[in-house]
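Structure first, commentary second.
Everything numeric here is computed off the predicted structure, so don't read it as measured data.
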Amino acid sequence: MIIQQIISQLKKQIVILVMAGAFIPLFVFAQPAPAPLDPVPNARQIEWYHRGIIAFFHFGMNTFAEVNEGDGTASPQLFNPTALDCSQWTSVLKSAGITTAIFVAKHADGFCNWPTAYSNYSVKNSPWKNGKGDVVREFTDACKAAGIKAAIYLGPHDRHDSRYGTADYSTYYANQLSELLRNYGPIWEIWWDGAGADKLTTDYYTRWADTVRTLQPYCVVFGTKNSYRFADCRWVGNESGISGDPCWSTINPSSIKNESEHITQLNHGEVDGTAYVPAEVDVSIRPSWFYHREEDARVKSVAALWDLYFNSVGRNSVLLLNFPPNKQGLISPIDSQRADSLHYLIYGTFKNNLAAGATIKTLHPRGGNYKPANMVDNYENTYYATTDNSKTDTITFNLGSAKTFDVLMLQEVIELGQRTTGWSVDYSTNGKRWTPIPEATGKQSIGYKWLVRFKPVTASKVRLRITSGKACVAIHTFGIYKQQAIKPEE
């Protein structure tokens, strides 16, 4: 009897073990996500990267004084746009696929494009709308109506106000900043230009940053020089629209603070930088930041804008493209047409990933949810990763048939930090003899997005070689594309 009881208990335990064994693979073989590699972006920076292109609107007293850097002495009586229509500005952006815009509320000349309570040097003392106008209001209202994210440039430097550089100026600027952040709805970015602002110490910006974070906690800060501690994005070191190759999202804060000594670092970032502060690449569609009629024939060509796109957005950065409204208060037709044509190129080129559906083989797959096919599934929230001890990999895409392409795109999982530090791409027709793409050989950074153009090649197989990294590979997109032809101008 006792023996039978023992046998019965053993059978029950065996059944329990067998049942439990059915669940063991869920724990033994499920793969955890790769660990983030510090520094990593904050939520504001991740959203900022998704903008791609941001519009800049330089419009104010300088437009009517026909200068680029006013000295603050021009009379408010000069300011009188005859047909200001900010909804026309946003319609230009909608056609161009641009979802965010920064308006210059006050440039270094000190003239305020809203009826501030803290200065008489503003639209309230201009003939425009008998002093009852508010350009900032019209801009933010137009953005809201069009679904455009509104942002503000409030120049720290002020040539008009005699208090500039004093404690009183700190209060004056804080009051104006508060006006703009309290009364005009969500402000998506604040732009702190470092030009001429050397008198403003970090103490000034500490006070102003507290205002920003209190009133608009989701507002991105473009920081330079002594606002370096609060920067979500950095100056790229030029106003030509060109990021470096490589261009790391990481940088040492001292390089932002002491910018004149670190132009190369601003342009390229620093692979071992201690802060995650990616580059915002500012450039004007015209030679000048403010409108000048004589520059109507010098608007950047579509081909030049296409180059800028690859040299900024295509180099792990965001492009800040200036469209200066004219004296009427409108974006000129030629500027609008060129922006529309750029959008035509972007959409036409990247709408079809020729690597979609490819059969993919890798050397060091992590397994689980991090499968190679995630790189071509067109979903940003899925990605391929290698095992933790594999910082390199060879990833082969079998396209199934010969495809002709002249652009490639890589995107890392930026939430996990900047990881890959070396990569190259080759192509083949038979999988045995491989030909390097010269423009995609010996590359370093990837980040949010890296684009490469080259002469068209035809291949049935493409190989991505990750040759070095600081952590295991984490890539959510690999794409090959054929460039759209430039749309003929009407």
Distance-only, no hydrogens or angles: does the Trp208 side chain make a donor-acceptor pair with backbone N or O of Ser170 under 3.5 Å?
yes
For the residue pair Asn226 and Tyr204, confirm or rule out a side-chain donor-acceptor distance under 3.5 Å.
no
Just checking, any donor-acceptor pair under 3.5 angstrom between side chains of Asn42 and Asp232?
yes
Residue pair Ile54 / Trp48, side-chain heavy-atom distance below 4.5 Å
yes
Quick one: do Tyr118 and Tyr173 satisfy ring pair (Phe, Tyr, Trp, His ring centres under 6.0 Å)? Show the steps, please.
CA-CA 9 Å; Tyr118 301 98; Tyr173 187 95; over 10 Å; no
Under a 3.5 Å threshold, yes or no: a donor from one side chain and an acceptor from the other, between Arg207 and Thr171?
yes
Between Arg51 and Glu189, does the salt bridge (charged side-chain N to carboxylate O under 4.0 Å, His left out) criterion hold? Intermediate values first, please.
CA-CA 12 Å; Arg51 298 303 99 202; Glu189 181 173 348; over 6 Å; no
Any Thr63 side-chain heavy atom under 4.5 Å of Pro324 side chain
no
Euclidean distance, Leu320 CG relative to Ile53 CD1, rounded to 0.5 Å:
10.5 Å
Is it true that a side-chain atom of Glu412 and a backbone atom of Thr420 form a donor plus acceptor pair closer than 3.5 Å?
yes
Just so I know, are the side chains of Lys106 and Ser119 near enough to count as touching, which here means a heavy-atom distance under 4.5 Å?
no
Parallel, tilted or perpendicular: which one describes the rings of Trp192 and Phe230, with boundaries at 30° and 60°?
perpendicular
In terms of the angle between their ring planes, are Phe56 and Trp289 parallel, tilted or perpendicular, with boundaries placed at 30° and 60°?
perpendicular
For a salt bridge (charged side-chain N to carboxylate O under 4.0 Å, His left out) check, start with the C-alpha distance between Asp307 and Arg453, then their side-chain angles and the critical distance, and finish with the verdict.
CA-CA 10 Å; Asp307 287 342; Arg453 287 182 298 174; 2.7 Å; yes
Grab the two heavy atoms, one from Ser288 and one from Asn322, that are nearest each other, plus how far apart they are.
O-ND2, 4.1 Å
Tell me whether the rings of Phe57 and Phe323 are parallel (<30°), tilted (30 to 60°) or perpendicular (>60°).
tilted
Flag for Asn68-His292: side-chain donor and acceptor within less than 3.5 Å:
yes
Proximity of Tyr184 and Trp114 rings by center, below 6.0 Å
no
Quick one: closest heavy-atom pair of Cys233 and Val220, and the distance?
SG-CG1, 4.0 Å
Value for NZ (Lys449) from CD1 (Ile414), rounded to nearest 0.5 Å, stands at 11.0 Å
Asn267 (side chain) donor-acceptor with Ile242 (main chain) under 3.5 angstrom
yes
Salt bridge (Lys or Arg N to Asp or Glu O under 4.0 Å) pairs touching residues 478-488, sequence neighbours excluded, are Asp340-Lys487, Asp406-Lys482
Is there a donor-acceptor pair closer than 3.5 Å between any side-chain N or O of Gln483 and the backbone N or O of Phe405?
no
Give me each pair satisfying salt bridge (Lys or Arg N to Asp or Glu O under 4.0 Å) with a member in residues 324-338, each pair once, sequence neighbours excluded.
Glu66-Lys327, Arg286-Asp335, Arg338-Glu489
Sorted by first residue and then second, give each salt bridge (Lys or Arg N to Asp or Glu O under 4.0 Å) pair with at least one member in residues 135-147; sequence neighbours left out.
Lys129-Glu138
Say whether Asn316 and Ser243, considering side chains only, have a donor N or O and an acceptor N or O under 3.5 Å apart.
no
So CD of Glu415 and OH of Tyr448: to nearest 0.5 Å the spacing works out to 9.5 Å
Minimum side-chain heavy-atom gap Asn353-Asn378 below 4.5 Å
no
Got Gln88 and Ile331 here, is their nearest side-chain heavy-atom distance under 4.5 Å?
yes
Any heavy-atom pair between the side chains of Phe454 and Pro438 that's under 4.5 Å?
no
Ignoring hydrogens and geometry, is there a side-chain-to-backbone donor-acceptor pair from Ser95 to Val92 under 3.5 Å?
no
State whether the side chain of Lys470 and the backbone N or O of Leu37 hold a donor-acceptor pair below 3.5 Å, judged by distance alone.
no
Decide yes or no on salt bridge (charged side-chain N to carboxylate O under 4.0 Å, His left out) for Lys443 and Glu439, but give the supporting numbers first.
CA-CA 8 Å; Lys443 310 304 284 186; Glu439 296 85 351; over 6 Å; no
Is the Phe79 ring parallel, tilted or perpendicular to the Phe111 ring (thresholds 30°, 60°)?
tilted
For Thr166, the side-chain contact (heavy atoms from CB on, under 4.5 Å) test, sequence neighbours excluded, returns Arg163, Asp168, Tyr169
Any side-chain heavy atom of Lys225 sitting closer than 4.5 Å to one from Tyr205?
no
Value rounded to 0.5 Å, distance of CZ in Arg44 from OH in Tyr49:
15.0 Å
Going from CH2 on Trp306 to CG on Asn311, what distance comes out if it is rounded to the nearest 0.5 angstrom?
11.5 Å
Heavy atoms from other residues, nucleotides or ligands near CG of Asn381 exceed 12 (cutoff 6.0 Å):
yes
Take Gln328 and Asp85 through the side chain to side chain contact (heavy atoms under 4.5 Å, CB included) test and state the conclusion after the steps.
CA-CA 9 Å; Gln328 290 179 288; Asp85 183 0; over 6 Å; no
We want to know whether Gln176 and Tyr172 form a side-chain donor-acceptor pair, criterion being a heavy-atom distance below 3.5 angstrom.
yes
Looking only at heavy atoms, what is the nearest atom pair of Phe290 and Phe59, with distance?
CE2-N, 3.6 Å
Does the ring center of His157 lie less than 6.0 Å from the ring center of Tyr164?
yes
Is a side-chain donor or acceptor of Glu270 paired with a backbone partner of Gln265 at a separation under 3.5 angstrom?
no
What residues, two or more places apart in sequence or in another chain, satisfy ring pair (Phe, Tyr, Trp, His ring centres under 6.0 Å) together with Phe103?
Trp89, Phe139
Which donor-acceptor pairs under 3.5 Å do the side chains of residues 298-305 make with protein atoms, sequence neighbours left out?
residue, atom, partner, partner atom, Å
Lys300, NZ, Ser284, O, 2.7
Ser301, OG, Ala304, N, 3.0

Pair Asp377, Tyr383: side-chain N/O donor-acceptor within cut-off below 3.5 Å:
no
Under 3.5 Å donor-acceptor, Gln411 side chain and His476 backbone
no
Taking the side chain as C-beta and beyond, is there a heavy-atom pair between Ile256 and Leu266 under 4.5 Å?
yes
To the nearest 0.5 Å, how far apart are CD1 in Ile187 and CD1 in Ile152?
5.0 Å
Expected output: side-chain Arg234 to main-chain Ala231 donor-acceptor under 3.5 Å
no
Closer than 3.5 angstrom, by distance alone: can the side chain of Ser445 be matched with the main-chain N or O of Asp245 as a donor-acceptor pair?
no
